[in-house]
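Presented below is the structure to which this report refers.
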Amino acid sequence: MGNDTTNSVVQYSVKLRHPQLPTAFCAALSQQFGQRFVQTRAICEQHGRDESCYDPMPPQAVLFVHTTEEVADAVRLCRQYQVPVIAFGTGTSLEGHLLAIQGGLCLDLSAMQQILAMHTDDLTVRVQAGVTRKQLNHALRDSGFFFPIDPGADASLGGMAATRASGTNAVRYGTMRDNTLALTAVMADGSIVQCGSRAKKSSTGYDLTRLLVGSEGTLGIITELELKIYPQPESTAVAVCSFADTVSAVRCVMLAMQTGIALARVEFLDKHSARALNTYAKLNLPEQALLLFEFHGSAQGVAEQAQQVQEIALELGGGNFAWATAQEERNRLWAARHQAYFALLHMRPGGRAITTDCCVPISQLADLIATTEQDCERHQMIFSIIGHVGDGNFHLLMMVDPAQPQEMALAESINSAMVERALACGGTCSGEHGI
């Protein structure tokens, strides 16, 4: 239910009025689900907001579901009474997906937290949609395997599939599209469909699994998933390297990718992000353009990969690597990276962050980031840029005062110009957030 038009901020700030839900519809849900069908204002408002910059737009009712069959029953009733329906996982999306613009019923899947099967011999696991990525990795911890997709927030796996999420590990392990083998979904008429299988490949007709992954709830509500899992690496190392400018940092990544070095993660932070994180997370990062590298593999393989990347960085004027080898240090560093959004919010109390999500061919990335930086600095915008630069994906975050229409309009114009440039060089307006 997102919107990528330039007037979206103004449009979503309007308080819309909706007709009352049909009495018979509410009675049917109350009879079947009892206290799990809720119409209280506080619960509805909680389910009408996410981490986006838009004003809350609550649904008229919330239903807490536990099974695929319950989702199907609710959707059939919504179809019968022509009631809009929105799926809710953890509320961590950044693009207004949860806003009930037309009112209706919110289906909260957060209680669907069963890990249904672990097939470690086949490197797969089946889960309900409400399981979060951290819950899954906690369950896998002692098995020697892990699920690598890490969008930052502890999002639900159903929501991650619906938005085709990726994150910091995508440069090596791919996105949710690459790691979802099969799924169960409830369609708009309340029918239950099962797509895909545990087999690694198939040529039997349409690939409906990947059609539903990334459909953002417009085709169906995902309730179960069969996911790939991976062996935990024998050795892991994290390094931070600073550069005098953005172009040199991004070129370092481009050359490392072209050399064929198997990076597990490579994240870009601009000087504004580094400064905000130093203040917010009590770090001591160089306040320059930074790259955060993570290497997976054998101890020897990790050492060789790191040496190759460091040689490339030095040729481009990068500093020596600052290593984080202990697990506690690595966790703290990545936790700080995931807090970059909140760190920027801290730089302007009371403001809101408008987030963007361009993705371009990696050869075009340095120029696009540099031009975007110039736009923001020319207009004296409070901003930061972070990115999964191994994928050509970056996020511009701009702080605005929502009570100042001119600031909102300026941020939208900067975003529009950036998107036009991205499209012109073969990119997209959204690499992972959805629209």
Side-chain angles (χ1 to χ4, degrees), residues 2 50-52 89-95 97 125 127 129 131-138 140 145-180 210 213-214 216 222 225 227-230 232-233 236 238 253 257 262-269 273 277 290-296 330-344 353 355-360 362 365 384-397 427-435:
D50 56 14
E51 296 293 348
S52 70
T90 58
T92 57
S93 57
L94 294 168
E95 303 295 343
H97 295 89
V125 60
V127 299
V131 176
T132 69
R133 65 176 186 88
K134 287 184 179 179
Q135 288 172 336
L136 177 57
N137 276 321
H138 181 76
L140 290 169
F145 297 89
F146 80 116
F147 180 70
I149 309 304
D150 180 4
D154 189 21
S156 67
L157 294 166
M160 288 169 59
T163 55
R164 196 161 56 197
S166 54
T168 57
N169 277 323
V171 65
R172 177 160 183 171
Y173 297 100
T175 71
M176 285 297 289
R177 179 190 63 186
D178 307 300
N179 289 279
T180 303
R210 284 168 178 76
V213 172
E216 301 182 37
I222 297 170
L225 303 115
L227 302 170
K228 295 180 183 179
I229 55 176
Y230 296 80
Q232 294 175 9
T236 300
V238 174
V253 177
M257 299 289 292
L263 301 171
R265 304 195 215 194
V266 53
E267 293 290 296
F268 169 79
L269 299 173
S273 302
L277 283 172
L290 299 179
L291 292 178
L292 279 63
F293 294 99
E294 183 165 296
F295 305 95
H296 291 177
R330 298 198 306 268
N331 291 345
R332 183 166 180 253
L333 189 59
W334 287 119
R337 159 61 185 87
H338 290 322
Q339 292 170 350
Y341 174 81
F342 301 102
L344 183 65
T355 61
T356 71
D357 183 28
C358 282
C359 189
V360 295
I362 193 170
L365 184 62
S384 68
I385 295 178
I386 58 179
H388 317 308
V389 284
D391 301 321
N393 185 197
F394 75 97
H395 309 291
L396 166 66
L397 292 81
T428 175
C429 66
S430 181
E432 59 186 7
H433 290 175
I435 58 174

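Since this is a predicted model, take the numbers as computed values, not measurements.
Put simply, CE on Met176 and CG on Leu157 are 5.5 Å apart, with the number rounded to the nearest 0.5 Å. Thr355 contributes atom OG1, which lies 9.0 Å from atom CG of Leu396 (distance to the nearest 0.5 angstrom). We find the CG-CD distance between Asp357 and Glu95 to be 6.5 Å, quoted to the nearest 0.5 Å. From Leu291, atom CG reaches atom CZ of Phe268 across 7.5 Å, with rounding to the nearest 0.5 Å. The CZ atom of Arg210 sits 7.5 Å away from atom OG1 of Thr180, with the distance rounded to the nearest 0.5 Å. Rounding to the nearest 0.5 Å places CG of Leu344 at 13.5 Å from CD of Gln339.
Here the closest heavy-atom approach between residue Gly152 and residue Arg133 is recorded as O-NH2, 2.9 Å. The shortest non-hydrogen separation linking Gly89 to Ser156 is CA-OG, 3.6 Å. Residue Met160 comes nearest to Pro151 through the heavy atom pair CE-CD, 3.7 Å, listed as atom of the first residue, atom of the second, then distance. Between Val389 and Ile362, the shortest heavy-atom contact is O-CD1, 3.5 Å. Residues Leu277 and Ala343 share a closest heavy-atom pair of CD2-CB, 3.9 Å. Shortest non-hydrogen contact noted between Asp391 and Gly167 is OD2-O, 4.4 Å.
Using a 4.5 Å cut-off on side-chain heavy atoms (C-beta onward), Val131 and Leu225 make no contact. Using a 4.5 Å heavy-atom threshold, the side chains of His338 and Thr168 count as touching. Inter-residue side-chain proximity for Leu263 and Phe295 is flagged as met; some heavy-atom pair is nearer than 4.5 Å. The shortest distance between side-chain heavy atoms of Trp334 and Val238 falls below 4.5 Å. Contact annotation: the side chain of Leu227 approaches that of Leu136 to within less than 4.5 Å [non-hydrogen atoms, C-beta and beyond]. Residues Ile435 and Cys429 are in side-chain contact: their nearest non-hydrogen atoms beyond the backbone lie under 4.5 Å apart.
For the pair Asn393 (side chain) and Cys358 (backbone), a donor-acceptor distance under 3.5 Å is present.
For the 3.5 Å distance criterion, the side chains of Tyr230 and His296 fail to qualify, holding no donor opposite an acceptor.
With sequence neighbours excluded, the residues satisfying ring pair (Phe, Tyr, Trp, His ring centres under 6.0 Å) with His433 are His395. Residues satisfying the salt bridge (charged side-chain N to carboxylate O under 4.0 Å, His left out) test with Arg337, not counting sequence neighbours, are Glu267. Under the rule for a side chain to side chain contact (heavy atoms under 4.5 Å, CB included), the partners of Ser166 that lie at least two apart in sequence or sit in another chain are Ala170, Thr175, Glu432. For Ser52, the side-chain hydrogen bond (donor to acceptor under 3.5 Å, both in side chains) partners two or more places apart in sequence, or in a different chain, are Asp50. Listed by chain and residue number, Asp150, Glu294 satisfy the salt bridge (charged side-chain N to carboxylate O under 4.0 Å, His left out) test with Arg265 (two or more places apart in sequence, or in another chain). For Glu51, the side chain to side chain contact (heavy atoms under 4.5 Å, CB included) test picks out Leu94, Tyr341, Phe342, with sequence neighbours left out. Remark: Ala153 engages Thr92 in a side chain to side chain contact (heavy atoms under 4.5 Å, CB included) (not counting sequence neighbours). Partners of Ser273 according to the side-chain hydrogen bond (donor to acceptor under 3.5 Å, both in side chains) rule, which considers only residues two or more places apart in sequence or in another chain, are Asp270. For Asn137, the side chain to side chain contact (heavy atoms under 4.5 Å, CB included) criterion is met by Leu140, Phe146, Phe147, not counting sequence neighbours.
Residue pairs meeting the salt bridge (charged side-chain N to carboxylate O under 4.0 Å, His left out) criterion with at least one member in residues 153-178: none, sequence neighbours excluded.
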